[in-house]
Amino acid sequence: MKSIINRLLCLYFLIFVTLFASPDKERYTGAISYSEKRIVQGKIEFSKGAEFPNQWTVFFKERTGNYAVFYDLNGHELHFKYKTNKFDVDGEAFASFLVEGNAYSVKGELLGILFFPQDARGRRKPIPDFKKSPVAKAELSDLQTIPVFKLVEYKEVFSKQILH
């Protein structure tokens, strides 16, 4: 008798949950919405004639050397130079509030690209080379290159969705 009552209660609970579950539009998707421009989309638009975007909504990965590394929802990276050399205390203080994994709206000026040159056998080298701006459209549009910006401004992005 108790097992039948328990089964009925579980069935009623499942029906209640499925009837009152929020639709896909209202589910929490994270701090960055899926409609935000990805790095690949920016490269494709640039190859078709638009200007390369200088503002991105991305996640912070790490500080490496003089660069702050960010990534989009696809995992593609952008590098932002935040200090001129290892003795730049002002640049270090400017980027000291970046937290790994948090979403940021970052703005910068394009400095160039990191690209992976090919060796004599046609294979890409594992260590990238830096090429200063102005860069050819074909090089910047290549999916294997990493755009490098000078970090001008960043602001943490918070979700506009209400969690309940």
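Along the sequence shown, residues carry numbers from 1.
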Checking Glu45 against Lys37 for the side chain to side chain contact (heavy atoms under 4.5 Å, CB included) test, could you report, in this order, the C-alpha distance in whole Å, the side-chain angles of both residues, the deciding distance, and whether it holds? CA-CA 10 Å; Glu45 289 176 5; Lys37 185 180 289 190; 2.8 Å; yes
Checking side chain to side chain contact (heavy atoms under 4.5 Å, CB included) for the pair Ile39/Asn74: CA distance, chi angles, key distance, verdict? CA-CA 8 Å; Ile39 297 166; Asn74 289 349; over 6 Å; no
Residues Leu110, Leu140; criterion side chain to side chain contact (heavy atoms under 4.5 Å, CB included); working and verdict: CA-CA 11 Å; Leu110 187 65; Leu140 186 55; 3.9 Å; yes
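His79 pairs in a side chain to side chain contact (heavy atoms under 4.5 Å, CB included) with only one of the listed residues (Ile113, Thr64, Ile146), which is Ile146. Applying ring pair (Phe, Tyr, Trp, His ring centres under 6.0 Å) to Phe149 and the options Phe80, Tyr82, Tyr154 leaves one that passes, Phe80.
Cluster membership for Val69 and Val148, using ILVMFWY side-chain heavy atoms within less than 4.5 angstrom, is not shared. Tracing side-chain contacts under 4.5 Å through hydrophobic residues (I, L, V, M, F, W, Y), one reaches Tyr71 starting from Ile32; they form part of the same cluster. Hydrophobic clustering of Ile, Leu, Val, Met, Phe, Trp and Tyr side chains at less than 4.5 Å, counting indirect connections, keeps Val135 apart from Leu111. Phe59 and Leu78 are assigned to two separate hydrophobic clusters, defined by single-linkage of ILVMFWY side chains at heavy-atom distances under 4.5 Å. By the criterion of side-chain heavy atoms lying less than 4.5 angstrom apart, applied directly or through intervening Ile, Leu, Val, Met, Phe, Trp or Tyr residues, Phe94 is grouped together with Phe97 in one hydrophobic cluster.
With values rounded to the nearest 0.5 angstrom, Lys83 atom NZ is found 8.0 Å from Arg63 atom CZ. The distance from the NZ atom of Lys150 to the CG atom of Asn66 is 13.0 Å, given to the nearest 0.5 Å. Taking NZ of Lys81 as the reference point, atom CZ of Phe130 lies at 7.0 Å (rounded to 0.5 Å). In this structure, CD in Glu100 is found 10.0 Å from NZ in Lys61, a value given to the nearest 0.5 Å.
You'll find the side chain of Asp72 stays beyond 4.5 Å of the side chain of Trp56, heavy atoms only. Taking 4.5 Å as the limit, some side-chain heavy atom of Lys43 sits within range of a side-chain heavy atom of Thr145. When side chains are defined from C-beta on, Val106 counts as touching Val58, because their heavy atoms get closer than 4.5 Å. Side-chain contact between Leu73 and Glu36 is absent, with no heavy-atom pair separated by less than 4.5 Å. Contact check for Phe115 versus Glu139: no side-chain heavy atoms found under the 4.5 Å cut-off. Using a 4.5 Å heavy-atom threshold, the side chains of Asp142 and Phe116 count as separate.
Without hydrogens or angle criteria, Asn85 side chain to Asp88 main chain gives a donor-acceptor distance under 3.5 Å.
Within the structure, the side chain to side chain donor-acceptor pair (under 3.5 Å) test picks out the following pairs touching residues 101-112 (sequence neighbours left out): Gln55-Ser105, Asn102-Glu156.
Annotation for Glu51: atom CD does not count as buried by contact number, only 12 or fewer foreign heavy atoms lying within 6.0 Å. Taking a 6.0 Å sphere around NZ of Lys155, one finds it holds 12 or fewer heavy atoms contributed by other residues, nucleotides or ligands.
Minimum interatomic distance between Ile127 and Pro117 (heavy atoms only, all atoms of both residues): O-CD, 4.1 Å.
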